[in-house]
Amino acid sequence: MKNIKAPLFLSLVLSLLYTTQLFSQTKISQHDIAKYSEMVQLAEGTYQIQMIDTRSLPTIPLSLIKTIEAKRDDSKVIYFQYKQNIRIKILSKEMISKPNFIPLERIISISSNDI
């Protein structure tokens, strides 16, 4: 009986350590939080979170701004499906640099019929 408990205990401990390691990899450092927060402030009004067929407010990670900036095009508006009911509209660099640029609302609700 003692021989069976040792491997079981060892496998349990290793599983917990592995799980802890997975969770620690998802944490964002304070440096990254500051960097992403600055990016979000600079990009404010240049992208829009579109909630499709819902009026709920989204939970969006700060790190999404990195994806938004990576997808931003020089001359055309980009849309990408972030989640099933969340689409992101990203204005082009050309549109943003125009003198008559009007910032977008950060979050809006739209109907799937309008897409």
Side-chain angles (χ1 to χ4, degrees):
M1 187 79 163
K2 194 174 192 179
N3 291 338
I4 295 174
K5 288 184 180 180
L8 182 63
F9 178 73
L10 183 59
S11 65
L12 179 63
V13 169
L14 290 175
S15 295
L16 287 173
L17 288 174
Y18 180 72
T19 304
T20 303
Q21 181 66 19
L22 286 176
F23 283 121
S24 68
Q25 290 177 3
T26 61
K27 292 184 180 177
I28 298 177
S29 70
Q30 289 297 330
H31 177 320
D32 286 342
I33 290 172
K35 179 177 75 171
Y36 293 147
S37 294
E38 183 179 353
M39 289 174 72
V40 166
Q41 284 180 337
L42 291 172
E44 191 68 35
T46 67
Y47 69 94
Q48 185 174 69
I49 300 166
Q50 299 178 339
M51 302 301 293
I52 303 165
D53 294 332
T54 182
R55 296 227 179 255
S56 66
L57 293 176
T59 302
I60 304 292
L62 276 175
S63 58
L64 181 63
I65 192 64
K66 188 175 177 181
T67 304
I68 289 169
E69 291 303 330
K71 290 183 178 291
R72 190 180 304 279
D73 190 76
D74 288 335
S75 59
K76 63 182 178 180
V77 175
I78 301 294
Y79 292 89
F80 85 93
Q81 201 71 33
Y82 175 63
K83 290 186 177 178
Q84 182 179 359
N85 64 339
I86 302 175
R87 180 173 83 160
I88 311 289
K89 176 182 183 179
I90 307 168
L91 297 181
S92 69
K93 293 177 183 177
E94 187 178 284
M95 290 177 76
I96 295 166
S97 65
K98 288 185 177 180
N100 60 347
F101 170 69
I102 299 172
L104 297 172
E105 273 186 75
R106 186 164 187 267
I107 301 170
I108 65 167
S109 296
I110 62 173
S111 169
S112 57
N113 297 331
D114 296 335
I115 296 177

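Numbering starts at 1 and runs along the sequence shown.
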Please report, to 0.1 Å, the donor-acceptor pairs under 3.5 Å made by any side chain of residues 76-83, with sequence neighbours excluded.
| residue | atom | partner | partner atom | Å |
| --- | --- | --- | --- | --- |
| Q81 | NE2 | K83 | O | 3.0 |
| Q81 | NE2 | Q84 | O | 3.2 |

Item to check | side-chain contact (heavy atoms from CB on, under 4.5 Å) involving A43 - partner list, sequence neighbours excluded | outcome: T46, Y47, I65, E69, R72
Next on the checklist: My understanding is that only residues two or more places apart in sequence, or in another chain, count here; which of them pass side-chain contact (heavy atoms from CB on, under 4.5 Å) with I33?
Outcome noted: I28, Q30, S37, L62
Checklist entry - So, for T59 and P61, which heavy atoms are closest and what is the spacing to 0.1 Å? => result O-CD, 4.0 Å
Side-chain donor/acceptor pairs under 3.5 Å, residues 101-115, sequence neighbours excluded:
| residue | atom | partner | partner atom | Å |
| --- | --- | --- | --- | --- |
| S109 | OG | T54 | O | 3.1 |
| S111 | OG | N113 | N | 3.1 |
| S112 | OG | D53 | OD2 | 2.7 |

Are [Y] and [X] co-members of a hydrophobic cluster defined by side-chain heavy atoms under 4.5 Å apart?
X	Y	answer
I90	M95	no
I52	I60	no
I86	V40	yes

Next on the checklist: One pair to check against side-chain contact (heavy atoms from CB on, under 4.5 Å): K35 and D32. What are the steps and the verdict?
Outcome noted: CA-CA 5 Å; K35 179 177 75 171; D32 286 342; 3.9 Å; yes
Item to check | Pair T67-I88, side-chain contact (heavy atoms from CB on, under 4.5 Å): steps then yes or no | outcome: CA-CA 10 Å; T67 304; I88 311 289; over 6 Å; no
Item to check | Pairwise side-chain hydrogen bond (donor to acceptor under 3.5 Å, both in side chains) hits with a residue in residues 86-98, at least two apart | outcome: Q50-R87
